[in-house]
Peer 1: 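The following block contains the structure, expressed as structure tokens.
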Amino acid sequence: MEKASLSIAKTFAPFAILFLFFLFSLNPWIDRMALPGYASYDIKRIAELFALLTINSYLVFSTTYRRYSYSIYSKLSRSTRLSLVGLFYLGIISSLLAPLTHWALLEVMLDTQLFYLVIFIAIHNLIWKKTSDYLLIAIILISALIYTITFFVAFMQQHANPSATYYEFPGFMNLRFFAQYQIGTIPIITLPILIMHNKHKIYAALSYGLATIWFTLAILDGSRGLWLSLILSILLTRTIFKRHLSQWLWIQIKALMGAILFFLFILGMIVFSHDYNLSEKFYPLYNSLSDHYTFHALIGSASARIQLAKTAIQLALNNPLFGVGPLHFSYYDPGDIAAHPHNSILLIASEWGIPAALCVSMLLVNGFTQWIKMQKNKMLKQTDKQTISMILTVSLIAELIYSLMSGVTITPLSQIVFVLILGWMLGLYHRSDKKIIESTNIHCYLFSLTIMISTLLLLSLSIVVTHNLPQKEIQWYFQQQTGQKHFYPRFWVQGELR
């Protein structure tokens with residue numbers, strides 16, 4: 001693999017694009033200046049489309065990336081390739097049968113581009129190895145740092161305002177959307193501590209500090225699903241890596257203890273500063289947190305998800321082969337609770353069909369089986385690569401579990417983080433494969449042609465739906481705050497299809 005064939009600009013430019021994506025997505029003041037009048041959720045989606053279309057263009061126009069892309073794809077197991085192809089064609093057929101074909105195709109093309117981003121990240125990691133590892137760690141940490149600064153600037157502004165009652169998460173219309181982005185990043189934040197080997201203690205200290213703040217935000221967010229998914233993920237990963245996970249786990253515990261102390265400090269600031277009456281400041285915050293952490297809240301959340309699951313199952317049984325059409329859950333279930341069933345498998349089964357859900361299940365089983373088999377073969381070598389692989393396993397399992405109770409696979413930020421983790425793992429998996437070479441046969445060009453066609457389709461469909469985005473109506477409802485209009489985000493902030 002000759003690195004000389006790729007310039008430095010080509011190496012770092014994609015990560016510059018990812019940096020811009022996270023900057024626009026996690027700093028509401030910048031996105032409002034760039035696209036005034038648009039909802040933050042929609043700006044995140046537009047930023048995601050821009051990132052996908054620009055980064056994936058490397059797979060078309062860069063000779064090296066184009067040749068490696070098919071080589072990596074061809075190295076996937078036969079059952080995995082059949083599942084991917086089957087899933088794509090099932091999505092296309094389902095879209096053509098759907099009432100609003102252009103919206104359904106938009107969803108399929110978006111998912112296709114996300115798959116190509118997985119391939120791109122894998123190629124980059126395969127070629128640049130440790131440099132790519134450090135860049136991926138850096139982009140995750142920078143994204144967390146951007147939002148940490150955003151959150152505390154907003155917090156201090158709100159704290160200085162006597163009329164403010166409790167914290168908020170700027171840029172996220174729903175706290176759950178922040179949790180869906182955060183869950184895949186939490187295990188990765190402390191990676192520098194493990195791979196620096198005490199050579200740069202300043203980086204370790206910064207990583208500890210950021211991890212502590214990141215856990216604090218998770219406590220303030222109040223997502224029960226996030227904590228449940230993380231705990232289950234750690235337990236499952238522990239059965240695979242055993243004692244090798246202990247050092248990382250001890251780091252997480254120390255960061256969590258620090259987060260609890262920091263949370264109590266924030267609570268003290270809210271309650272006792274500016275001579276506020278205790279009831280004016282504490283009880284609104286208490287009521288907000290109790291909405292998330294009490295048994296009553298748990299029952300209420302579970303009943304809503306059960307209702308969504310029943311709707312999804314019924315749609316799947318009524319349309320078993322091809323579903324109701326990608327993005328069409330709300331078309332048949334008119335937004336009583338949400339525009340998706342808060343379960344990734346039920347979403348595919350109801351919208352794409354039961355065969356498509358089986359394809360996704362097969363992809364997960366085959367991929368995870370091959371990954372675990374490779375990890376067990378190299379368990380004795382505790383290298384940086386092995387450490388990264390172990391932490392990514394925690395992140396991936398947490399993402400997958402959380403996707404069964406939330407919209408991890410729906411919202412723009414969580415989609416990109418999920419894809420970065422998958423691509424990183426695919427690159428690590430193939431890094432030791434000496435048979436990965438640049439492919440120059442006809443299949444390589446056919447694969448590039450499919451990338452080009454899907455890119456053009458996504459671009460054209462995005463222009464159509466962005467042009468029709470009813471921002472003035474959405475902005476008016478947000479400004480009125482009358483409670484007369486509820487939004488059920490899906491592709492856009494208003495996810496209802498009519």
Side-chain angles (χ1 to χ4, degrees), residues 52 73 76-119 305 308-333 338-370 396 399-412 414-415 418-419 422-423 426 447 450-451 453-454 457-458 461 490-491 495 497:
L52 288 172
Y73 174 76
L76 298 174
S77 66
R78 181 180 177 84
S79 59
T80 299
R81 295 199 307 273
L82 286 174
S83 297
L84 286 169
V85 172
L87 186 61
F88 176 75
Y89 282 112
L90 286 168
I92 294 294
I93 295 170
S94 179
S95 299
L96 295 176
L97 296 174
L100 300 175
T101 299
H102 66 289
W103 280 104
L105 281 174
L106 179 66
E107 175 86 344
V108 175
M109 291 304 112
L110 175 64
D111 291 342
T112 304
Q113 288 293 314
L114 288 168
F115 167 71
Y116 291 142
L117 183 57
V118 170
I119 296 292
R305 280 170 169 75
L308 287 170
K310 286 180 179 178
T311 301
I313 291 170
Q314 192 60 51
L315 289 174
L317 293 176
N318 293 343
N319 308 270
L321 287 180
F322 303 112
V324 297
L327 216 65
H328 275 64
F329 182 84
S330 68
Y331 186 88
Y332 292 92
D333 179 51
H340 60 94
H342 286 66
N343 183 295
S344 52
I345 298 298
L346 288 179
L347 175 71
I348 295 293
S350 61
E351 292 191 341
W352 296 50
I354 294 174
L358 292 175
C359 286
V360 170
S361 301
M362 191 177 296
L363 282 171
L364 291 174
V365 171
N366 286 342
F368 201 69
T369 300
Q370 293 300 315
L396 180 64
E399 293 255 23
L400 291 173
I401 294 173
Y402 199 34
S403 76
L404 299 177
M405 60 187 87
S406 72
V408 166
T409 59
I410 299 296
T411 56
S414 57
Q415 283 181 336
F418 191 34
V419 161
L422 283 174
L426 185 61
F447 190 73
T450 63
I451 298 174
I453 292 171
S454 68
L457 272 173
L458 180 62
L461 289 167
R490 184 64 191 272
F491 191 87
L497 294 185

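All values below were derived from every heavy atom in this structure, side-chain atoms included, with hydrogens, water molecules and symmetry-related copies excluded. This one's a predicted model, so the numbers in the text were calculated from it and none came from an experiment.
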Peer 1: Can any side-chain N or O of Q415 pair as donor or acceptor with the backbone N or O of T409 at less than 3.5 Å?
Peer 2: yes
Peer 1: For the residue pair Y116 and T450, establish whether any side-chain heavy-atom pair is separated by less than 4.5 Å.
Peer 2: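 Y116 vs T450: side chains touch.
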Peer 1: Say you draw a straight line from CG of D111 to CD1 of I348; how long is it, rounded to the nearest 0.5 Å?
Peer 2: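 One finds 6.5 Å between CG of D111 and CD1 of I348.
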Peer 1: Please determine whether side-chain contact (heavy atoms from CB on, under 4.5 Å) holds for the pair L106 and L110, giving the CA-CA distance in whole Å, both sets of side-chain angles, and the decisive distance to 0.1 Å.
Peer 2: CA-CA 6 Å; L106 179 66; L110 175 64; 5.7 Å; no
Peer 1: Given 3.5 Å as the limit, does a donor-acceptor pair link the side chain of E351 with the main chain of L327, or not?
Peer 2: yes
Peer 1: Is there a donor-acceptor pair under 3.5 Å between the side chain of S403 and the backbone N or O of L400?
Peer 2: yes
Peer 1: Can you measure from CD (Q314) to CG (N319) and round to the nearest 0.5 angstrom?
Peer 2: 9.5 Å
Peer 1: To the nearest 0.5 angstrom, please state how far the CG atom of L347 sits from the NE2 atom of H342.
Peer 2: 11.0 Å
Peer 1: Using modelled atom types and a 3.5 Å cut-off, is there a donor and acceptor pairing between side-chain atoms of S83 and backbone atoms of S79?
Peer 2: yes
Peer 1: Using distance alone, with no hydrogens and no angle criterion, decide if Q113 and S454 have a side-chain donor and acceptor under 3.5 Å apart.
Peer 2: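 Side chains of Q113 and S454: pair found under 3.5 Å.
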Peer 1: Could you check whether any side-chain heavy atom of F329 comes within less than 4.5 Å of a side-chain heavy atom of T311, counting everything from C-beta outward?
Peer 2: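 Yes - at least one pair of side-chain heavy atoms lies under 4.5 Å apart.
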Peer 1: Between H328 and L100 (side chain of the first, backbone of the second, donor and acceptor by atom type, cut-off under 3.5 Å), is there such a pair?
Peer 2: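 It does hold such a pair.
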Peer 1: Looking only at the side chains, is there a donor atom on one of N366 and S77 sitting less than 3.5 Å from an acceptor on the other?
Peer 2: no
Peer 1: When rounded to the nearest 0.5 angstrom, what distance separates CH2 in W352 from CZ in F88?
Peer 2: 9.0 Å
Peer 1: Quick one: do R490 and E107 satisfy side-chain contact (heavy atoms from CB on, under 4.5 Å)? Show the steps, please.
Peer 2: CA-CA 10 Å; R490 184 64 191 272; E107 175 86 344; 3.2 Å; yes
Peer 1: If I take atom OH from residue Y402 and atom CZ from residue F418, how far apart are they, to the nearest 0.5 angstrom?
Peer 2: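 Interatomic distance, Y402 OH to F418 CZ, rounded to 0.5 Å: 14.0 Å.
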Peer 1: I need the minimum non-hydrogen distance between L105 and I92, along with the two atoms involved.
Peer 2: CD2-CD1, 3.9 Å
Peer 1: Just by distance, do the side chain of S95 and the backbone of T101 share a donor-acceptor pair under 3.5 Å?
Peer 2: no
Peer 1: Provide the closest heavy-atom pair for L346 versus N343 in the form atom of the first, atom of the second, distance.
Peer 2: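 So the minimum-distance heavy-atom pair works out to N-OD1, 3.0 Å.
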Peer 1: Can you tell if the side chain of P326 reaches within under 4.5 Å of the side chain of F491, non-hydrogen atoms only?
Peer 2: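 A side-chain contact is absent here, since even the closest heavy-atom pair is not under 4.5 Å.
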Peer 1: Looking at every non-hydrogen atom in both residues, tell me the closest pair between A104 and A98 and how far apart they are.
Peer 2: CB-CB, 4.1 Å
Peer 1: Nearest 0.5 Å please: distance from the CD1 atom of I345 over to the CD1 atom of I354.
Peer 2: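 Going from CD1 on I345 over to CD1 on I354, the span is 12.5 Å.
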Peer 1: Any chance you could lay out the side-chain contact (heavy atoms from CB on, under 4.5 Å) test for L84 and L76, step after step, and finish with the verdict?
Peer 2: CA-CA 10 Å; L84 286 169; L76 298 174; 3.8 Å; yes
Peer 1: Could you report the tightest heavy-atom contact between A316 and A349, atom names first, then the distance?
Peer 2: CB-O, 3.6 Å
Peer 1: Any chance you could lay out the side-chain contact (heavy atoms from CB on, under 4.5 Å) test for L426 and V118, step after step, and finish with the verdict?
Peer 2: CA-CA 8 Å; L426 185 61; V118 170; 4.1 Å; yes
Peer 1: Does the side chain of S350 reach to within under 4.5 Å of the side chain of I313, using non-hydrogen atoms?
Peer 2: no
